[in-house]
Amino acid sequence: MIIIMKQGATEQNISSVTNYIKEHGLEVHLSHGKEVTIIGVIGNKNLLNADHISFMKSVDRILPVTESYKLANKKFHPEPTSIKVGNTSIGTGNLTIMAGPCAVESKEQLITIAHAVKESGANFLRGGAYKPRTSPYAFQGLEEEGLRYMQEAGKETGLATICEVVSLAAIEAAVKYVDMIQIGARNMQNFILLKEAGRSGMPVLLKRGLSATIDEWLNAAEYIIAEGNENVVLCERGIRTFETATRNTLDISAVPVLKEKTHLPVIVDPSHSTGSYKYVPSMAKAAVACGADGLMIEVHNNPACALSDGPQSLNFEKFAKLTTELKPFCQLVGRDF
Ligand code: PEP
Ligand code: MN
């Protein structure tokens, strides 16, 4: 449940409520909004006497929170969250563009791509160093060497950097080299990994699982936040449906649904959701138009020779054209880009 304090409630009024809750063995989450403070209660609310709280001075009203995710819930935290990463931020106001190759293949390749995407307006460099491939015989990534190249490319261009992690060892390595970690679709419900990502204190991009409902996805985000790490960004990357014309089906309606349910920023990946470079521009525009805070787009210097996901990667020219075409969409929704 949440307790909405009256306007003008003092620190002392708030403390008497939070102390009462803590004395009963529950935890509190405070959200200081522009006008009112909201106290979120975490734990078994049957241990509390809600009437007792509602009679307390400066308590306006109490509302139930029926969803199992609390810290990710917009009811706990009505203001949208903006997450600072490097010298950029993800959330309200600007459009985040994470662009780069599916996999880091070599230092030269990565530096070339980093300069090209920066030139076209990207603020993040993406690149996989640990690749969870469908086939065990496919290229698995350069691992720590790949992370080092990401760090070098980030330093050289000023772009923030993001890499997928697939294990605790990968998290430990990634914290040394990149600005943000990514939990991929295949690991969205790897609860041990989610907890470790939470404990790392790094900003985390959590991709939607291949067959995950929005509710399961938000509970996965809750695992990270429950470790004391509120820096979570959600990424819609398409889901499994009966349709085979595209690699996955981009659930574009997930964006407004998430905007209603959570305060966390939401970005869209039009590359993995469609599986074809041809559909990336239209889906990227749709994502911006419906309120996404950003995009993750695969870009390669030579898609035909890419070691992974070439068919869905944009070349530099197509990426530059897309970012130019995105500008009027950003203006329409009031985003800086
Ligand atoms: C990726 O972004 O490199 C990736 C593997 O994506 P997903 O987890 O969405 O399949
Ligand atoms: Mn990929």
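The basis for the numbers below is simple: all heavy atoms, side chains too, and nothing from hydrogens, waters or symmetry mates.
- Applying the 6.0 Å contact sphere to CD1 of Ile192 captures no more than 12 heavy atoms from other residues, nucleotides or ligands.
- Remark: Asp269 does not engage Arg126 in a salt bridge, criterion side-chain N to carboxylate O under 4.0 Å.
- The nearest pair of heavy atoms linking Leu142 to Ser106 is CD1-N, 4.2 Å.
- Ion pairing of Lys259 with Asp293 is present here, as a side-chain N (NZ or NE/NH1/NH2) and a carboxylate O approach within less than 4.0 Å.
- In summary, Glu317 and Lys321 do not engage in a salt bridge, as defined by a charged side-chain N under 4.0 Å from a carboxylate O.
- Tyr277 OH to His300 NE2: the interatomic distance, rounded to the nearest 0.5 Å, is 15.5 Å.
- Using a 4.5 Å heavy-atom cutoff, the side chains of Arg208 and Ile214 are in contact.
- A donor and an acceptor atom, one from each side chain of Asn248 and Ser273, are nowhere located under 3.5 Å apart.
- The shortest side-chain heavy-atom distance between Leu95 and Val288 falls under the 4.5 Å cut-off.
- Rounding to the nearest 0.5 angstrom, the gap separating the CG atom in Asn315 from the CG atom in Asn302 is 9.0 Å.
- The shortest side-chain heavy-atom distance between Lys285 and Leu326 falls under the 4.5 Å cut-off.
- Rounding to the nearest 0.5 Å places CD1 of Ile181 at 4.0 Å from OG of Ser200.
- Minimum heavy-atom separation, Leu205 to Cys235: CD1-CB, 3.8 Å.
- Residues Thr81 and His77 have side chains in contact (heavy-atom distance under 4.5 Å, counting atoms from C-beta outward).
- A 4.5 Å side-chain heavy-atom check between Arg237 and Leu210 finds at least one atom pair inside the cut-off.
- The line from OG1 of Thr262 to CD1 of Ile225 is 6.5 Å long, rounded to the nearest 0.5 Å.
- The 12-atom threshold is not exceeded at NZ of Lys261, counting heavy atoms of other residues, nucleotides or ligands nearer than 6.0 Å.
- Just one residue in the list Val204, Ile83, Ile90, Asn231 forms a side-chain contact (heavy atoms from CB on, under 4.5 Å) with Met180, and that residue is Ile90.
- Residues Glu216 and Asn219 have side chains that never bring a donor and an acceptor to within less than 3.5 angstrom of each other.
- Side-chain heavy atoms closer than 4.5 Å link hydrophobic residues (I, L, V, M, F, W, Y) into clusters, and following such links, even through other members, never connects Val175 to Val233.
- There is a side-chain donor-acceptor pair under 3.5 Å between Asp251 and Ser253.
- Defined by atom type and a distance below 3.5 Å, a donor-acceptor pair is present between the side-chain atoms of Glu144 and Tyr177.
- Of all heavy-atom pairs between His272 and Lys207, the closest is ND1-NZ, 3.6 Å.
- Atom CD1 of Ile62 sits about 11.5 Å away from atom NZ of Lys45, to the nearest 0.5 Å.
- In this structure, Leu250 and Glu236 have side chains that are in contact, with non-hydrogen atoms separated by less than 4.5 Å.
- Residue Leu125 holds its CG atom at 8.0 Å from CD1 of Ile113, rounded to the nearest 0.5 Å.
- With hydrophobic clusters built from ILVMFWY side chains whose heavy atoms lie under 4.5 angstrom apart, Tyr130 shares a cluster with Ile183.
- A donor-acceptor pair shorter than 3.5 Å cannot be found between the side chains of His263 and Asn73.
- Taking each heavy atom of Met1 and Ile53 in turn, the nearest pair found is CE-CD1, 3.8 Å.
- Enclosure of atom CD in Glu325 by more than 12 non-hydrogen atoms of other residues, nucleotides or ligands within 6.0 angstrom is indicated.
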Exercise for the section: Under the side chain to side chain donor-acceptor pair (under 3.5 Å) rule, what do Asn301 and Thr112 come out as? Steps first, then yes or no, please. Expected result: CA-CA 8 Å; Asn301 50 322; Thr112 310; 5.6 Å; no
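- Considering all non-hydrogen atoms of both residues, Ser271 and Ile297 come closest at OG-CA, 3.5 Å.
- One side chain, Glu145 or Tyr149, offers a donor N or O that lies under 3.5 Å from an acceptor on the other.
- Annotation for Leu264 and Ala221: closest pair CD1-CB, 4.0 Å, computed over non-hydrogen atoms.
- Using a 4.0 Å cut-off between charged nitrogen and carboxylate oxygen, Arg199 and Glu227 count as a salt-bridge pair.
- With hydrogens and angles left out, the side-chain atoms of Gln312 and Arg247 include a donor and acceptor closer than 3.5 Å.
- Taking the side chain as every heavy atom from C-beta outward, Phe124 and Thr161 never approach each other to under 4.5 Å.
- In this structure, Lys74 does not pair ionically with Glu260, as no charged nitrogen and carboxylate oxygen lie closer than 4.0 Å.
- For the pair Lys75 and Glu67, the salt-bridge criterion is met [side-chain N within less than 4.0 Å of a carboxylate O].
- Annotation for Leu168: hydrophobic cluster partners, listed by chain and number, are none (ILVMFWY side-chain heavy atoms under 4.5 Å, direct or chained).
- At a threshold of 4.5 Å between side-chain heavy atoms, the hydrophobic network of Ile, Leu, Val, Met, Phe, Trp and Tyr places Leu194 and Val266 in one connected group.
- Side chains of Asn19 and Ser16: a donor-acceptor N/O pair is absent below 3.5 angstrom, by distance only.
- At most 12 heavy atoms of other shown residues, nucleotides or ligands fall within 6.0 angstrom of atom NZ in Lys57.
- Here Pro132 pairs with Glu164, Val166, Arg186 under the side chain to side chain contact (heavy atoms under 4.5 Å, CB included) rule; sequence neighbours left out.
- Cation-pi contact between Lys327 and Phe337: present, with separation from the ring centre below 6.0 Å and deviation from the ring axis of at most 45°.
- In the hydrophobic cluster analysis, where Ile, Leu, Val, Met, Phe, Trp and Tyr join through side-chain heavy atoms closer than 4.5 angstrom, Met188 is grouped together with Val255.
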Can I get a per-line list of side-chain donor-acceptor pairs under 3.5 Å for residues 29-39, giving both atom names and the distance, sequence neighbours left out?
unit_1 : atom_1 : unit_2 : atom_2 : d
His29  : NE2    : Glu230 : OE2    : 3.1
His32  : ND1    : Thr37  : OG1    : 3.2

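- Looking at Val17 and Val59, their side chains come closer than 4.5 Å, going by heavy atoms from C-beta outward.
- Connection of Val299 to Val178 is established within a shared hydrophobic cluster, with ILVMFWY side chains joined at heavy-atom distances below 4.5 Å, either directly or through further cluster members.
- A salt bridge links Glu152 to Lys107: at least one charged side-chain nitrogen sits closer than 4.0 Å to a carboxylate oxygen.
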